[in-house]
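Nothing fancy with the numbering, it's 1 onward along the sequence.
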Amino acid sequence: MPEPGEVVAFDLGIKTLAVGTNEQGRVYHVGGFKGSRWYNKQLDKIRSKRDKCQKKSRRYKHLSKV
């Protein structure tokens with residue numbers, strides 16, 4: 001980690017949570033989210049089912065919550 005008084009600039013992202021660099025050019029990677037493709041597929045399935053329902057029906061509301 002950087003020493004006290006040292007400046008680090010961070011860039012927030014989607015694939016990696018954050019990437020930072022200091023005055024000497026050292027790069028810091030902070031975490032990340034690897035399962036985005038899996039979650040997108042799940043959300044697409046639910047959204048597809050919901051699109052076939054009548055708006056404001058009980059099923060539509062249930063799928064919206066899910």
Kindly list each side-chain donor-acceptor pair under 3.5 angstrom involving residues 57-66, sequence neighbours excluded, with atom names and distances?
| unit_1 | atom_1 | unit_2 | atom_2 | d |
| --- | --- | --- | --- | --- |
| S57 | OG | Q54 | O | 2.9 |
| S57 | OG | Y60 | N | 3.2 |
| S64 | OG | R50 | NH1 | 3.4 |
| S64 | OG | Y60 | O | 2.9 |

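Screening residues 36-47 for salt bridge (charged side-chain N to carboxylate O under 4.0 Å, His left out) gives D44-R47 as the qualifying pairs, with residues at least two apart or on separate chains.
Grouped by direct or indirect side-chain proximity (heavy atoms under 4.5 Å, Ile/Leu/Val/Met/Phe/Trp/Tyr only), L43 sits alone.
Looking only at side-chain heavy atoms (C-beta outward), V19 and V30 stay at 4.5 Å or farther from each other.
When every heavy atom of A18 is checked against every heavy atom of F10, the shortest pair comes out as CB-CD2, 4.1 Å.
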